[in-house]
Amino acid sequence: MYAVIRRYSDVPQLIRELQSKHEDAGKVMADVPGFVAYYAIRDGVQLATVTICQDRESAEETSRRAAKWVSDNATAQRVRSPDVIGGEVFLQVPE
């Protein structure tokens with residue numbers, strides 16, 4: 001498996017858009033072959049998302065789709081590109 005974590009700073013509008021359009025955002029990810037799971041975590045106006053896929057190519061596609069979704073939906077606020085880390089999942093608890 002492969003995971004991607006995206007961290008956005010000072011994005012209250014993006015958080016509101018994601019909450020109100022969560023089904024739409026979820027479908028964007030879920031339609032990617034190899035998609036496993038997507039999580040959004042908020043801490044005030046900070047946002048982190050975690051995407052789990054079966055392979056790197058699927059994870060990279062979810063990143064492209066996430067960027068487009070943000071561009072299309074968070075129009076009331078300028079959203080800087082997130083800090084991104086991705087890599088192979090080598091430990092899972094529980095298995």
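We use all heavy atoms of the structure for the numbers below, so side chains are in, but hydrogens, waters and symmetry mates are not. Numbers here simply count residues along the sequence, with the first being 1.
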- Task: Scan side-chain atoms only and decide if R16 and Q13 contain a donor-acceptor pair under the 3.5 Å cut-off.
- Result: yes
- Message: Going by side chain to side chain donor-acceptor pair (under 3.5 Å), name the pairs with one or both residues in residues 85-95, residues two or more places apart or in two chains.
- Response: none
- Item | Which residues share a side-chain hydrogen bond (donor to acceptor under 3.5 Å, both in side chains) with R64, sequence neighbours left out | E61
For residues 35-51, which side-chain donor-acceptor pairs fall under 3.5 Å, sequence neighbours excluded?
{"residue": "Q46", "atom": "OE1", "partner": "D10", "partner atom": "N", "Å": "3.3"}
{"residue": "T49", "atom": "OG1", "partner": "R6", "partner atom": "NH1", "Å": "3.2"}
{"residue": "T51", "atom": "OG1", "partner": "R6", "partner atom": "NH1", "Å": "3.0"}

- Item | Linked hydrophobic residues, V93 as query - side chain contacts closer than 4.5 Å | F90, L91
- Query: Apart from V84 itself, what residues make up its hydrophobic cluster when side-chain heavy atoms of I, L, V, M, F, W and Y under 4.5 Å apart count as a link, directly or indirectly?
  - Reply: Y2, V4
- Message: Under the rule for side-chain contact (heavy atoms from CB on, under 4.5 Å), what residues qualify as partners of D31, not counting sequence neighbours?
- Response: K27, R65
- To the nearest 0.5 angstrom, please state how far the CZ atom of R78 sits from the CG atom of L14. 13.5 Å
- Message: Under 4.5 Å between side-chain heavy atoms, counting indirect links through other Ile/Leu/Val/Met/Phe/Trp/Tyr residues: same cluster for M29 and I52 or not?
- Response: no
- Item | Which atom of P33 lies closest to which atom of S58, heavy atoms considered | O-OG, 2.6 Å
- Might you point out which heavy atoms bring V28 and W69 nearest each other, and give the distance in Å? CG2-CD1, 3.8 Å
